[in-house]
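Whatever order the structure lists them in is the order used to number ligands and atoms, beginning at 1.
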Amino acid sequence: MRQNVVVLGSTGSIGDSTLDVIGRNPSKFKLAALSCDSSYELLAQQCELYKPLFAVVTLKKTAQKLSERLKELQCSTEVVFGVESLCEILRESNIDIVVAAIVGSAGLRPTLAAIQSGKKVLLANKESLVMAGPLMMRAAAAGKATILPIDSEHNAIFQCLPLNYSKTGCGGVIKLSLSASGGPFRGWNLDKMQGVSPSQACAHPNWKMGQKVSIDSATLMNKGLEVIEASFLFDLPTDRIEVVLHPQSILHSAVHFADGSVLAQLGNPDMRIPIAHALGWPDRIESGVDALDMRSLGKLEFSEVDDYNFPCLRLAYEASRVGGDAPTALNAANEVAVAAFLNLRISFNQISEVVEYLMNTYSFSELRSLEAVEEADLRARSISEARVCKIES
Ligand code: NAD
Ligand code: MG
């Protein structure tokens with residue numbers, strides 16, 4: 001029996017890699033629905049190729065354009081719009097797998113809906129977990145959803161964890177090492193990064209990704225969000241999660257055990273590996289990625305990460321230590337600051353300045369409900385947007 005898959009954010013970088021892996025395994029998976037924000041031309045091409053039952057976009061006017069395009073292509077995929085319609089599709093009992101690959105806070109509601117309905121959820125959208133980690137992990141336990149990480153570091157850790165990890169507490173695990181390539185500005189100092197442009201910041205040396213995660217990789221906020229993501233996924237405090245600089249992006253993360261053993265997962269830097277692992281789990285399926293040629297790798301380097309010149313990493317650790325809605329607020333401030341940088345309103349170094357301002361002024365509270373998450377998100381956005389305006393003036 002083929003499994004029915006929904007891909008949230010199918011027109012993005014992770015979405016594209018997911019469709020590639022699914023296309024290589026037609027006997028195992030069937031696409032039930034694809035979703036995106038506004039790139040209806042690309043979504044129409046994907047519908048023509050994969051023939052999902054539904055295509056979901058954010059706005060009614062995009063849905064109209066998509067419908068017209070699909071008519072021209074004689075494609076019978078049904079078009080719907082809005083987050084509520086998307087959540088309804090996710091809750092359908094015939095949906096087996098949901099790939100959560102929307103970028104940013106927009107992914108929160110659909111990802112949570114998929115978890116609450118007990119689906120196998122392949123999580124790329126780290127922002128939703130950072131915003132609402134306790135809610136999501138509780139919902140997964142209550143609704144019997146399986147969350148499988150496809151962020152490469154977390155997928156690597158998942159592959160290395162002992163089978164008895166969740167049942168016995170830690171299964172001998174003492175520490176996690178998350179690898180960080182260091183992004184395009186590895187080895188730079190704050191002075192040197194002062195005038196960098198969005199296109200320089202998006203030019204990641206090892207991975208081809210969407211704009212927002214590329215900027216996050218350049219500031220190291222991506223690694224900070226990933227530390228928080230790992231802490232929720234694997235139920236460990238962040239003082240047991242370290243970041244290791246590894247410029248080659250071949251070793252994707254490692255698990256340290258009480259007896260001194262360290263298990264790591266290696267592979268070429270291509271997101272189709274973690275996606276194929278999670279799609280096929282517990283089996284292994286074809287990903288389309290070349291085998292790793294260990295003889296030609298040469299040197300693999302590991303060193304300390306620089307959180308003085310990359311303060312976002314330190315701020316993320318701080319948010320995790322504070323707990324409650326601090327990670328939610330940190331994420332909101334970062335989204336506001338990254339958008340302001342991409343719109344040339346603030347400089348690259350001012351991204352961390354906006355987030356630091358938020359962390360120093362925001363009054364933190366508990367995170368008990370989805371409403372509390374959304375309230376914290378809005379409050380932090382408004383403080384951060386005001387800070388951006390102040391910097392501009
Ligand atoms: P991307 O920008 O390439 O794609 C984002 C997708 O989300 C698009 O399909 C877009 O239409 C959709 N989207 C954006 N705003 C939306 C909205 N308001 N409502 C509905 N859909 C919306 O991003 P990406 O690089 O594919 O990253 C997606 C997620 O995966 C991010 O959370 C990122 O941190 C995470 N991630 C990405 C990579 C990578 O290699 N690209 C690796 C690990 C984790
Ligand atoms: Mg990652």
Exercise. In the hydrophobic cluster built from side-chain contacts under 4.5 Å, what are the other members alongside L292?
Worked result: V244, I250, L251, L266, M294, L297, L300, F302
Exercise. At the Mg ion (ligand 2), what is the angle formed between atom OE1 of E153 and atom OE2 of E226, rounded to the nearest 10°?
Worked result: 100°
Problem set entry | E385 bridged to R345 by N-O distance under 4.0 Å | yes
Exercise. Is any NZ, NE, NH1 or NH2 atom of the basic residue among K65 and E68 found under 4.0 Å from an Asp or Glu carboxylate oxygen of the other?
Worked result: no
Exercise. Under 30°, 30 to 60°, or over 60°: which ring-plane class applies to Y165 and F234, parallel, tilted or perpendicular?
Worked result: perpendicular
When you pair each N or O of ligand 1 with protein N or O atoms, which pairs come out under 3.5 Å?
unit_1	atom_1	unit_2	atom_2	d
ligand 1	3 (O)	S13	N	2.9
ligand 1	7 (O)	V103	N	3.4
ligand 1	9 (O)	G9	O	3.3
ligand 1	9 (O)	T11	N	3.4
ligand 1	9 (O)	T11	OG1	2.7
ligand 1	9 (O)	G12	N	3.2
ligand 1	11 (O)	T11	OG1	3.4
ligand 1	11 (O)	D37	N	2.9
ligand 1	19 (N)	T58	OG1	3.4
ligand 1	25 (O)	G210	N	2.8
ligand 1	26 (O)	S13	N	3.1
ligand 1	26 (O)	I14	N	2.9
ligand 1	30 (O)	A124	O	3.4
ligand 1	32 (O)	E127	OE1	2.6
ligand 1	41 (N)	S13	OG	3.2

For this session: For the residue pair S105 and E335, confirm or rule out a side-chain donor-acceptor distance under 3.5 Å.
Result: yes
Seminar exercise, completed: Per residue D151, nearest N, O or S atom to the Mg ion (ligand 2) is named OD1
For this session: Please identify each residue that fulfils side-chain hydrogen bond (donor to acceptor under 3.5 Å, both in side chains) with K28, with sequence neighbours left out.
Result: none
For this session: Apply ring-ring contact (aromatic ring centres under 6.0 Å, His included) to F348 and list each qualifying residue two or more places apart in sequence or on a separate chain.
Result: F185, F341
